[in-house]
Amino acid sequence: MIVFSRLILVFLLFVGCSNTALNNPYPPEENSLNVLYSSFSERPKHLDPARSYASNEATFTAQIYEPPFQYHYLKRPYELIPLTAKKMPSPVYLDASGMVIEEDGPVSDVAWSLYEIQITPGIQYQPHPAFAKTAAGLSRYHKLDAIDLDDIRRLSDFKETGSRELIAEDYVYQIKRLAHPKIHSPIFGLMSQYIVGLGALGKTLKKSASEDKGFLDLREFPLEGVEVIDRYTYRIKVKGKYPQFLYWLAMPFFAPLPHEADRFYAQPGLIEKNITLDWYPVGTGPYMLTVNNPNRQMVLEKNPNFHPEVYPTEGMPGDAEAGLLDDAGATLPFIEKIIFSLEKEGIPIWNKFLQGFYDGSGISSDSFDQAVQVSAGGDAALTDEMKAQGIRLLTSTATTTFYMAFNMLDSVVGGDSVSARLIRQAIGIAIDQEESIAIFRNGRGIAMQGPLPPGIFGYLEGEAGINPYVYDWVDGKAKRKSIAVARKLLAEAGYPNGRDKKTGKPLIIHFDTTGTGPAVKANFDWMRKQFEKLQIQLVVRNTDYNRFQDKMLKGSAQMFQWGWNADYPDPENFLFLLYGPNAKAGKNGENAANYANPRFDALFEEMKNMGNSPRRQKIINEMVEIFRHDVPWVSGFHPKQFALYHAWQGNVKPNLMANNTLKYKKVDSLLRSKKRAEWNKPRWWPLAVIVALFVAGTVPAVMSYRKKERGI
Amino acid sequence: MISYIIRRSLYAIPILIGVNLLTFLLFFVVNTPDDMARLQLGMKRVTPEAIEKWKADHGYDKPIAFNAQAEGFGKLTQTVFFEKSLRLFVFDFGFADDGRNIGSDIRERMWPSLAIAIPSLIVGLFVNITVAMIIAFFRATYIDTWAVIIAVAMMSISSLFYIIGGQFLFSKMFRLVPISGYDTGLDAVKFLILPVIVGLVGGIGSGTRWYRSIFLEEIGKDYVRTARAKGLSELSVLFSHVLRNALVPILTGVVVVIPLLFMGSLITESFFSIPGLGSYTIDAINSQDFSIVRAMVFLGSVLYILGLILTDISYTWVDPRVRL
């Protein structure tokens, strides 16, 4: 006991003299460094730019890989600007005979579009062993044998690295990789429809890969529609007119990949050791992945070879006042290192954020009341506790639409009959989406008025933007029509009081969805309540996502909910979800409602190839009106994102399209260090209480033992 | 003993085949290769051709368990089950569906699991036995009554409560240890203190109840009465005689779990962000990665069988009457 007490005393003296927070999860020497701390909850599956498509992967790939274009950080609406390209290309349109035609000529005449992209000379890749050379100028690590690999466990174990200049061929090489049969690029199918020769290349590569199990040097395989013009210029030939192609060129799918890296990672010994391109990316971006242990931590460090790039000098009104232009013209990036730590649960993330160990955080439903108070007018503001810590709240409406839809192939609620349409309209009124957002999302969302979310061209604000089949414009805001209107529509459809007036049978709707947990049950109960307003019986069929997908592919669901997150800021990316030839059932497209309206389809075909203009807006308005009238999607919402940032983080502006935004951010590490020390002073008294309780519990036991031993 | 070990090892083969078959059936009852392909390829813009290509590349394009097209033994061998199972028996776990080497991942992730499991086991064993011994010493007194009530109450509380409560008290309120995270080497200690304490406190209720009942059973035996009659102190009786004779049931419970320490703890690792094998298994289930699930279940079964054999062997060490 005495020894134990002494040990505790020594321990207390030791930690009592310590100047650092005991609950600091990072090494104390990092306190004053220019580091940003963040977290991730799921291991990124793919970091290969040809495979990666998920947003949690883009957090990393977008900092490392540089496609030719990027989104302007501050300007809205979202604007594409050059990244590694010298300038934005002007597509050249050709007719079937190869003659150049005017940009505003008939779309049907356009057989091909040519995009010629010039990249900036002098851009260097990050240091990487794939580029290391021997004294004789040969690749140092391209023919590794078992002995060479003995001491290699991770990429950083390679002693030598090298670099080289970015050239146009690297971009062409990466486009060819989209067709590689072993890579399974998610956009290969889509891009085969547009990039001339990509589909044919896929077939050639498949044949070659099956004959030869080794490395395929894609430089030896020509791609008809993509060619290198000179060292810094390449040209892409696209079928027809596809203005959205430029947006794709701003994604990592079209970032450069040096053939040296492809060859290096193709070595079997490295694959055995999990050293692959999917794990250790190589790019020209502001950061490079120096630690990739997604079971614990991923670290991005400043790329020493990063090319000159400066902070934007223009923004939107209010940006200068918000300090977002204070660093105009300053060299990027500002932060030296970004440490992402694995956090699987929300509670530790939230508490670490409050302790200052994460620089920013989202807000889960559990912590919402602690962080945010919503006024009677619906405005969100930080609580006093958050304000006292100097925390800032930034909100933005996501370019996302979550919707409840009908399967338009269904014999009861689908199709274009008047009866089915009136049923859909009635249900659209009955489902009180505003109430759902208030109950289940803490008010973080706005009810859907049409398929387009705010921030996308074609979305209209105010009275002009409301869905007149569901809302009235009253006192300057949208007011949902009364349930009496819905009941009247249902009666007109032949279902007064929710019963078929011919057979007397109740109207039963089957709602297919996925979800688990106690909150889901509350949601389903709420849904049933909405349908009960019309005396319609709702049967919820909750299945796992696999079964749900099967039902959707077969077109056997009646009503379901799903969502879409924008790939790029163009109305085409949302309206194609309602385009007939894009149906899910039978055609495996993304039109999950299997909606088909010939007029809508014709307008879509016209609209998709247009630049943003009043004419395009007019077409979109007509499409949205058809959508509202036909009601393939009955209800939905666009989520609002709430994010919290500590006072020491600067240059933060939500940008829902760009993922490469870490280079703009900055951190005041001295302020952070001071606040951490202030907020995390250890409290020792509870330990004293525990020791006292232990002693208090031990003494009677000892006394009792002695008494017993003495036989009293 | 060697022949016993060989015999038990041979018994293990049909058991492992059965476990593997069961895992296989259960997994493919709820998942199809198409589901797996869709999950790996992403949720957007996945074409049927891409799904077929993925399946072919990952060996899921063959019939699941019986190939009617093949001839002879090929009906059984040219199937997903056979091709995916055979290599397991030489501990070649192959590659996960995302292309990573499973064996390499297991070797890397077993250390964090062991870093929590070993101290938790040793400290837990020491504390549980000590407390149970004290309770046994004060048997049939108010101390015993209250100890049993508290132990039952502690057993009734979910382990999740201990984890969240521990994080709230020690990390948030008292600010003495990090709330979650992990590091290598000695730097890992500060991250392990809380999970070990939580594991200890969470297990103390059931542990002490179990050991208390073992000790009470021993205390009633004749040799204990003889020891007391010789004039030995109660402490000496308990620690020198009762504890030694109670080792067989204690070993039954302890040795069998030692190999399973490799497998990690699912909830603890998740809440404390410990990159061990427990969270590896959970992640694999969530991402429908059959290769990892099958490998982990197989490894768990092997370790469990190993634990049982070790338990039998350990009996011979603590009880000379036992012969294998």
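Here is the naming used below: chain letters follow the sequence lines, and residue numbers restart at 1 for every chain. Just so you know, these numbers come straight off a predicted model, no measurement behind them.
- A donor-acceptor contact shorter than 3.5 Å is absent between the side chain of B/Arg175 and the backbone of A/Asn680.
- Panel note: side chain A/Lys344, backbone B/Ile274; no donor-acceptor pair is recorded below 3.5 Å.
- Within 6.0 Å of the CG atom in B/Leu186, the count of heavy atoms belonging to other residues, nucleotides or ligands does not exceed 12.
- Expressed to the nearest 0.5 Å, how far OG of B/Ser279 lies from CG of A/Leu342 amounts to 7.5 Å.
- Proximity of A/Asn23 to B/Ile179: side-chain heavy atoms (C-beta onward) are nowhere separated by under 4.5 Å.
- A distance of 5.5 Å separates NE2 of A/His184 from NE2 of B/His58, quoted to the nearest 0.5 Å.
- Contact count versus chain A (heavy atoms, under 4.5 Å) is highest, among B/Leu194, B/Ile282, B/Val177, for B/Val177.
- Scanning all heavy atoms of the two residues, the minimum distance from B/Gly181 to A/Lys352 falls at N-NZ, 4.3 Å.
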Could you walk me through whether B/Asp57 and A/Lys206 satisfy the salt bridge (charged side-chain N to carboxylate O under 4.0 Å, His left out) test, starting with their C-alpha distance in whole Å, then the side-chain angles of each, then the deciding distance to 0.1 Å, before giving a yes or no?
CA-CA 11 Å; B/Asp57 278 357; A/Lys206 191 177 176 184; over 6 Å; no

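- Only the backbone of A/Tyr26 comes within contact range of chain B, judged by heavy atoms closer than 4.5 Å.
- Both the backbone and the side chain of B/Phe271 come within less than 4.5 Å of a heavy atom in chain A.
- Checking side-chain atoms of A/Glu345 against main-chain N and O of B/Ser273 turns up no donor-acceptor pair under 3.5 Å.
- Two residues are said to be in side-chain contact when any heavy atoms from C-beta on lie closer than 4.5 Å; B/Gln288 and A/Tyr545 fail this criterion.
- Heavy-atom contacts from other residues, nucleotides or ligands closer than 6.0 Å to CZ of B/Phe239 number more than 12.
- The minimum heavy-atom distance between A/Trp684 and B/Leu176, with the atom names listed, is CZ3-CD2, 3.8 Å.
- Looking at A/Leu553, only its side chain comes within 4.5 Å of chain B, counting heavy atoms on both sides.
- Looking at A/Asp278 and B/Arg100, no side-chain N of the basic residue comes within less than 4.0 Å of a carboxylate O on the acidic one, giving no salt bridge.
- For the pair B/Arg38 and A/Asp550, the salt-bridge criterion is met [side-chain N within less than 4.0 Å of a carboxylate O].
- The minimum heavy-atom distance between A/Asn295 and B/Pro275, with the atom names listed, is O-CB, 2.7 Å.
- For the set A/Gly589, A/Gly697, A/Pro348, A/Ala54, the count of heavy-atom pairs under 4.5 angstrom toward chain B peaks at A/Pro348.
- Below 30°, between 30° and 60°, or above 60°: for A/Trp685 and B/Phe174 the angle between ring planes is above 60°, a perpendicular geometry.
- Contact annotation for A/Arg547: only side-chain heavy atoms (C-beta onward) come within less than 4.5 Å of a heavy atom of chain B.
- Both the backbone and the side chain of A/Glu343 come within contact range of chain B, with heavy atoms under 4.5 Å apart.
- With rounding to the nearest 0.5 angstrom, the CG atom of A/Asn293 is 9.0 Å from the OG1 atom of B/Thr184.
- Note: B/Arg107 CZ to A/Arg153 CZ = 9.0 Å, rounded to the nearest 0.5 Å.
- Checked by atom type and distance alone, the side chain of B/Ser104 never pairs as donor or acceptor with a backbone atom of A/Lys273 at under 3.5 Å.
- Contact tally against chain A (heavy-atom pairs below 4.5 Å) for B/Phe95, B/Tyr280, B/Phe272: the top residue is B/Phe95.
- Interface remark: of the candidates A/Asp567, A/Asn565, A/Leu190, A/Asp567 forms the most heavy-atom pairs closer than 4.5 Å to chain B.
- Counting only distance, with no hydrogens or angles, the side chain of B/Lys190 and the backbone of A/Asn24 share a donor-acceptor pair below 3.5 Å.
- The contact between A/Asn274 and chain B is made by backbone and side chain atoms together, counting heavy-atom distances below 4.5 Å.
- For A/Trp279, the part sitting under 4.5 Å from any heavy atom of chain B is the side chain, from C-beta outward, and nothing else.
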